[in-house]
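Below is one structure; the comments refer to it alone.
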Amino acid sequence: MSELKTIDSTYVANTYKRFPVEIVSGKGSVVYDPDGKSYIDMGSGIGVTSFGIADEAWQQAVTAQLGKVQHMSNLYYTEPCARLAQMLCERTGMKKVFFSNSGAEANECAIKTARKYAAEKKGAEYSTIITLKNSFHGRTVTTLAATGQEHYHELFQPLTPGFVHAAADDLEGLKQLAADNKTAAIMIECIQGEGGVVPLSPGFVQGLAAFAAQEDILLIVDEVQTGNGRTGELYAYMNYGIQPDIVSTAKGLGGGLPLGAALLGEKVEHTLGFGDHGSTFGGNPVCCAGAVSILSRMDRAFLDAVKEKSAYVFSALTDAPGVESVSGMGLMIGIKTVKPAAEVVQKCMENGVLCLTAKDKVRLLPALNIPMDTLAAAVEVIRSACV
Ligand SMILES: *Cc1c(COP(=O)(O)O)cnc(C)c1O
């Protein structure tokens with residue numbers, strides 16, 4: 001470990017503050033370091049390994065495709081890409097899918113699509129995208145501009161112009177921004193993830209959806225973190241009774257391989273034409289085969305089980321000693337602790353549980369199929385780390 005740490009810190013760019021843990025293997029929600037010490041994984045690679053580590057059906061789907069064709073480019077047809085797009089549309093009512101490799105790229109597609117739609121329909125000056133304060137939409141120069149947190153922007157100016165930020169849960173303020181700017185789209189996360197696991201209120205989301213529809217302003221919902229079963233519905237917007245015009249997603253979609261998607265609704269179904277957008281790796285058949293395996297198992301019973309596990313975590317941690325509050329939805333949970341979150345996470349790690357943080361909270365994003373007894377064991381460790 002100390003040699004690996006030296007090599008890593010010498011040669012890997014210094015952008016990540018890693019925990020002093022190396023993981024060499026795992027199964028489901030349990031991972032192992034080189035000495036055989038086990039950890040319950042309550043982060044699932046930041047909400048990526050939806051069915052945990054080395055899930056057998058997923059592995060089989062991926063390796064079967066790997067044994068056929070690993071990549072052909074988007075100049076040719078491959079089956080997993082088409083099947084996955086069909087599955088995504090049939091389960092959401094969206095009409096078309098553009099595949100990318102990451103969440104930021106899914107948002108780039110959403111933004112380009114919204115700007116083209118507005119340019120054709122209302123004029124090129126209708127280019128503003130309203131996003132929310134405290135949001136997170138990615139690390140590219142454009143998705144940083146979309147991200148409503150100043151500290152990510154510093155030293156990277158100038159960012160892509162045309163983004164303004166409204167306060168979450170202030171519908172009148174958002175309407176005023178739309179009146180002051182020629183607006184193409186409003187982009188939201190239903191639950192602000194990196195912003196501290198903060199769900200938007202249903203009244204605000206429904207109000208802005210109705211306002212956007214009335215003004216022919218597109219509604220983009222960033223489901224990069226909240227999507228693919230995370231909240232106990234296939235996509236978080238489904239908890240709010242709205243229908244977005246564009247949904248971006250990534251993280252948990254591929255079950256551990258890089259895959260993002262922008263789902264395009266009726267209004268923008270035909271907005272992108274030949275040559276308007278593209279990606280060399282997007283829609284890679286191996287990644288898509290894994291995603292088909294993941295999505296095809298997220299039926300109602302599976303999603304209801306996510307809700308049950310969520311209810312268990314909420315009831316076990318709300319009002320627990322050292323816990324101020326618990327926020328989130330499904331298995332996307334933020335815990336405001338009396339002690340600093342980093343200290344709680346450190347204590348959990350020592351006791352064999354890997355947790356994340358978001359702002360000043362401990363954040364949990366376990367695999368959605370985490371067994372109940374494993375979840376209970378992790379919650380016990382977290383409870384004792386909070387006091
Ligand atoms: C993680 C995240 C992104 C960025 O995804 P990448 O795959 O890291 O580019 C964008 N939006 C939200 C809401 C996210 O949680």
Side-chain angles (χ1 to χ4, degrees), residues 13 15-17 43-50 98-114 129-149 151-153 156 159-160 163 165 168 185-200 205 219-231 235-237 239-240 244 246-263 279 281-284 287 290-291 294 327-334 356-359 361 363-366 368:
T15 55
Y16 304 107
K17 190 162 176 255
S44 66
I46 319 186
V48 166
T49 48
S50 305
F98 178 86
F99 288 113
S100 59
N101 316 288
S102 68
E105 289 169 287
N107 284 334
E108 291 273 350
C109 176
I111 291 161
K112 281 179 72 174
T113 304
I129 315 270
I130 301 175
T131 67
L132 299 185
K133 290 178 179 158
N134 197 44
S135 59
F136 182 85
H137 296 294
R139 303 282 195 162
T140 63
V141 174
T142 296
T143 57
L144 268 186
T147 293
Q149 300 188 56
H151 68 100
Y152 287 109
H153 295 178
F156 299 110
L159 302 177
T160 305
F163 290 87
H165 309 293
I186 300 166
M187 177 152 93
I188 59 166
E189 300 155 90
C190 289
I191 304 166
Q192 296 186 325
E194 302 304 310
V197 197
V198 187
L200 300 181
V205 172
L219 175 57
I220 304 171
V221 179
D222 178 343
E223 297 259 10
V224 173
Q225 190 161 156
T226 54
N228 313 300
R230 180 55 55 189
T231 67
Y235 290 98
Y237 75 79
N239 295 293
Y240 287 83
I246 304 175
V247 172
S248 56
T249 191
K251 290 193 168 87
L253 178 62
L257 289 175
L259 182 62
L263 317 186
S279 165
F281 287 118
N284 171 276
C287 302
I294 295 287
S327 64
M329 213 183 275
L331 288 175
M332 177 172 177
I333 295 171
L356 304 166
T357 58
K359 285 269 178 84
K361 291 180 184 164
R363 174 172 45 157
L364 309 181
L365 293 171
L368 303 180

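All ligand and atom numbering here is 1-based and tracks the order in the structure. In this chain, numbering begins with 1 at the start of the sequence shown. Heavy-atom basis, side chains included; hydrogens, waters and symmetry copies ignored.
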Please assess Asn107 against Ser248 for the test side chain to side chain donor-acceptor pair (under 3.5 Å), listing each intermediate value before the final yes or no. CA-CA 6 Å; Asn107 284 334; Ser248 56; 2.6 Å; yes
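No side-chain N or O of Ser279 forms a donor-acceptor pair with one of Glu105 less than 3.5 Å apart. Of the N and O atoms on the side chains of Thr147 and His137, not one donor lies less than 3.5 Å from an acceptor on the other residue.
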Return a table of N or O atom pairs, ligand 1 on one side and protein on the other, at distances under 3.5 Å, rounded to 0.1 Å.
residue, atom, partner, partner atom, Å
ligand 1, 7 (O), Gly103, N, 2.8
ligand 1, 9 (O), Gly103, N, 3.4
ligand 1, 9 (O), Ala104, N, 2.8
ligand 1, 11 (N), Phe136, O, 3.4
ligand 1, 11 (N), Asp222, OD1, 3.4
ligand 1, 11 (N), Asp222, OD2, 2.8
ligand 1, 15 (O), Gln225, NE2, 2.8
ligand 1, 15 (O), Lys251, NZ, 2.7

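Just one of Glu194, Gln192, Gln149 meets the side-chain contact (heavy atoms from CB on, under 4.5 Å) condition when paired with Ser135; it is Gln192.
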Quick one: side chains of residues 249-260, donor-acceptor pairs under 3.5 Å with protein atoms, not counting sequence neighbours, listed by atom name and distance.
residue, atom, partner, partner atom, Å
Thr249, OG1, Glu223, O, 2.9
Thr249, OG1, Asn228, ND2, 2.9

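Between Phe281 and Phe99, the distance from one ring center to the other does not fall under 6.0 angstrom.
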